[in-house]
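Below is one structure; the comments refer to it alone.
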Amino acid sequence: MTRFAGRVAVVTGAGQGIGAATAHRLAEEGATVAVIDLTAERAQATVDALTAKGHAARAYGCDVADHDAVRQTFAQVVTDLGALHILVNNAGITRDNLFFKMPKGDWDAVIAVNLTSAYNCSQAAQTHMVKQKYGKIVSLSSRSALGNRGQANYAAAKAGIQGLTATLAIELGPYNINVNAVAPGYIATPMTVSTAERVGATAGDHQAQAADRTPLRRVGQPEEIASVVAFLASEDASYVSGQTLYVNGGAR
Ligand code: NAD
């Protein structure tokens, strides 16, 4: 499939996990991908894997929580790659703790990296998308948006993504820009491996517990989120906007 031939896509937090899988999926379908991560070195690992397969990609180091750095990086992407058609707001972190002892710094960091980053990146991207009257913005929410013990900061940020998505769809729709979100359940990535370590479980045991709670009786893989992001970024979803799609193995 070449659904993204001639398209330029920015994927944030694409050094590993869901972001890296998404960068691969978009590139495999013809996109030139700007791979953003905290440092250019982290992004370069994904770019090396993509170019080894003959795909077009370029690495950028940028803290997506930093408004000015995002503006500069996105301008550089357009200078380097010629346009910006697709934005995937994927970068995210967790700083889990019960609410009564959650440090202010952990609240601020999670809101900044998971929610304010989407404001920063979407605002920088829409400048270019509005001019060309074409754009796709897909942001990573989470099943945790519905509430999850120990994740007040993360749940608030991921619920915020859903409100931002619904509102940007209204404001940017007249410029032919589709804005949607994906809300994964438990996906096997370095993020969930860290969560397992923090609670003193092995990654395998932690995943087995999550699988037991999931109707499909297994956890998800990054490629199973990447394929849904790709759908929402493609013309197959041309009349879908303002939606949050839960991708969680059937859990309610
Ligand atoms: P991950 O931790 O494996 O990867 C996240 C990437 O984001 C890393 O490469 C990291 O360096 C980068 N990053 C972190 N802070 C950044 C910043 N300030 N600027 C730029 N890059 C930054 O995470 P993942 O599991 O692949 O998750 C990707 C997205 O999906 C996140 O938004 C996460 O909240 C969401 N999500 C994940 C799961 C899951 O189970 N893994 C479930 C629901 C939602």
Side-chain angles (χ1 to χ4, degrees), residues 10-25 34-47 49 59-70 72-74 87-96 106 108-121 124 138-148 151 153-162 164-165 181-198 203 206-207 209-211 213-214 218-226 228-229 244-249 251:
V10 171
V11 185
T12 71
Q16 63 183 31
I18 293 168
T22 300
H24 276 268
R25 181 65 191 248
V35 175
I36 293 182
D37 211 292
L38 262 179
T39 64
E41 292 69 32
R42 287 183 67 83
Q44 191 62 44
T46 298
V47 169
Y60 297 86
C62 175
D63 176 357
V64 291
D66 180 335
H67 188 260
D68 291 344
V70 166
Q72 285 165 18
T73 302
F74 279 51
L87 166 64
V88 183
N89 286 312
N90 168 81
I93 57 168
T94 54
R95 295 284 184 273
D96 299 350
D106 286 355
D108 289 343
V110 167
I111 297 294
V113 177
N114 292 279
L115 179 57
T116 309
S117 65
Y119 157 78
N120 292 339
C121 295
V138 184
S139 302
L140 270 291
S141 177
S142 169
R143 194 230 66 95
S144 295
L146 300 174
N148 198 26
Q151 289 197 314
N153 49 3
Y154 187 76
K158 294 304 190 183
I161 286 288
Q162 298 191 15
L164 179 68
T165 296
V182 178
Y186 191 119
I187 310 300
T189 69
M191 177 181 275
T192 42
V193 169
S194 299
T195 304
E197 284 167 1
R198 196 177 39 74
H206 203 246
Q207 289 179 14
Q209 287 165 19
R213 297 191 299 269
T214 304
R218 62 180 181 83
V219 299
Q221 297 302 317
E223 294 73 18
E224 295 179 292
I225 302 303
V228 177
V229 172
T244 296
L245 182 49
Y246 283 79
V247 183
N248 62 3

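In listed order, ligands and their atoms are each counted from 1.
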*Stepwise, does the side-chain contact (heavy atoms from CB on, under 4.5 Å) test hold for Val110 with Gln151?*
CA-CA 10 Å; Val110 167; Gln151 289 197 314; over 6 Å; no

Would you check if the side chain of [X] reaches a backbone N or O of [Y] as a donor-acceptor pair within less than 3.5 Å?
X	Y	value
Thr195	Met191	yes
Asn153	Arg95	yes
Thr214	Gly249	no
Ser139	Ala181	no
Asn90	Thr12	yes
Asn248	Ala251	yes

Between [X] and [Y], what is the shortest heavy-atom contact and its length?
X	Y	result
Pro222	Thr189	CG-CG2, 4.0 Å
Ile187	Gln221	CG2-C, 3.6 Å
Asp37	Gly15	OD2-N, 2.8 Å
Ala124	Val70	CB-CG1, 4.0 Å
Thr244	Ala183	CG2-CB, 3.8 Å

*CG/Leu140 to CD1/Ile161 distance, rounded to the nearest 0.5 angstrom?*
8.5 Å

In terms of atom number and element, which parts of ligand 1 are under 4.0 angstrom from non-hydrogen atoms of [X]?
X	result
Cys62	19 (N), 20 (C)
Gly17	26 (O)
Pro190	3 (O)
Thr192	39 (C), 40 (O), 41 (N)
Tyr186	40 (O)
Tyr154	33 (C), 34 (O), 35 (C), 36 (N), 37 (C), 43 (C), 44 (C)
Ala91	7 (O), 21 (N), 22 (C), 32 (O)
Asn90	28 (C), 29 (C), 30 (O), 31 (C), 32 (O)

[atom]: nearest protein contact (heavy atom, Å):
atom	answer
atom 3 (O) of ligand 1	Gln16 NE2, 2.9 Å
atom 6 (C) of ligand 1	Gly13 O, 3.4 Å
atom 25 (O) of ligand 1	Thr189 OG1, 2.5 Å
atom 10 (C) of ligand 1	Asp37 OD1, 3.4 Å
atom 5 (C) of ligand 1	Gly92 O, 3.9 Å
atom 18 (N) of ligand 1	Asp63 OD1, 2.8 Å
atom 21 (N) of ligand 1	Leu38 N, 3.5 Å
atom 37 (C) of ligand 1	Ile18 CD1, 3.8 Å

Counting only heavy atoms closer than 4.0 Å, does ligand 1 sit against the backbone of [X], its side chain, both, or neither?
X	answer
Ile93	side chain
Ser141	backbone
Val113	side chain

Applying a strict 4.0 Å limit to heavy atoms, is [X] in contact with ligand 1?
X	value
Thr12	no
Ala188	no
Lys158	yes
Gly185	yes

*asked:* Regarding ligand 1, does Val64 bring an N or O atom to under 3.5 Å of one of the ligand's N or O atoms?
replied: yes

*asked:* Using a 3.5 Å cut-off on N or O atoms only, is Ala65 in polar contact with ligand 1?
replied: no

*Using the ring of each side chain (for Trp, its six-membered ring), is His206 parallel, tilted or perpendicular to Tyr186, with breaks at 30° and 60°?*
tilted

*Just wondering, do Val10 and Tyr60 contact through their side chains at under 4.5 Å, heavy atoms?*
no

